[in-house]
Amino acid sequence: MIRNEKKYECTQELLKRCEYTLTQYDAQDEEVKKNDPWWLVMRESIQSHLDAFKAEIAEYERLVGCDRSQDLKIEVDSILELPRVLIKARIAAQMSQKELAD
């Protein structure tokens, strides 16, 4: 979960690197793709990371860009989710950790 602007920027950089790696991986020779038993496993692993980075970035951008004049609804299924919900609410309110603590 992206918790602040610095981590957002780092995640964007990781996304770019992952996209580049996937492009390079897909450009490999068809013989390698067909004969290497680990090729598909590695490609799916890279794709999984790529998808996770995209989802985290989209969630952070949604929270940062939400309309603060309207109520934000964040559902909680368990008390164990409370820390994540608090972080999401802090981000949506554009508060720093110090501001929340105060």
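We use all heavy atoms of the structure for the numbers below, so side chains are in, but hydrogens, waters and symmetry mates are not.
Between P83 and L80, the closest heavy-atom pair is CD-O, 3.4 Å. Looking at every heavy atom in both residues, N4 comes nearest to Y60 through C-OH, 3.4 Å.
By the rule that hydrophobic residues join a cluster once side-chain heavy atoms approach within less than 4.5 Å of another member, M95 and V85 end up as members of separate clusters. Y20 and L15 are not part of a single hydrophobic cluster, where members link through side-chain heavy atoms under 4.5 Å apart. There is a path of hydrophobic side-chain contacts, each under 4.5 Å, that joins V76 to I91. Connection of L86 to V64 is not established within any shared hydrophobic cluster, with ILVMFWY side chains joined at heavy-atom distances below 4.5 Å, either directly or through further cluster members.
Atoms CZ and SG, on F53 and C10 in that order, are 10.5 Å from each other to the nearest 0.5 Å. In this structure, CZ in R3 is found 11.0 Å from OG1 in T11, a value given to the nearest 0.5 Å. In this structure, CG on L22 lies 6.0 Å from CG on L50, to the nearest 0.5 angstrom. To the nearest 0.5 Å, atoms CD1 (I2) and CD1 (I87) are separated by 12.0 Å. Q24 contributes atom CD, which lies 10.5 Å from atom CD1 of I46 (distance to the nearest 0.5 angstrom). Annotation: the span from E9 atom CD to L14 atom CG amounts to 12.0 Å, rounded to 0.5 Å.
Between Q97 and R90, the closest side-chain pair of non-hydrogen atoms falls below 4.5 Å. The shortest side-chain heavy-atom distance between W39 and E44 does not fall under the 4.5 Å cut-off. Residues E19 and K54 form a side-chain contact, since some pair of their non-hydrogen atoms from C-beta on lies under 4.5 Å apart.
Looking at R17 and E13, a side-chain N of the basic residue comes within less than 4.0 Å of a carboxylate O on the acidic one, giving a salt bridge. The pair K88-E59 counts as a salt bridge, with a side-chain nitrogen and a carboxylate oxygen less than 4.0 angstrom apart. Ion pairing between a basic and an acidic side chain is recognised when a charged N comes within 4.0 Å of a carboxylate O; K33 and E30 show such pairing.
Residue K16 places its NZ atom among 12 or fewer non-hydrogen atoms of other residues, nucleotides or ligands, all under 6.0 Å distant. Heavy atoms of other residues, nucleotides or ligands lying less than 6.0 angstrom from CE of M42 number 12 at most.
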(request) Kindly determine whether E99 and D102 satisfy side-chain contact (heavy atoms from CB on, under 4.5 Å), including the steps that lead there. (result) CA-CA 5 Å; E99 289 171 327; D102 289 343; 5.7 Å; no
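Between the N35 side chain and the E31 main chain, a donor and an acceptor come within less than 3.5 Å of each other.
Checking Q12 against Y8 by side-chain atom types alone, a donor-acceptor pair falls below 3.5 Å.
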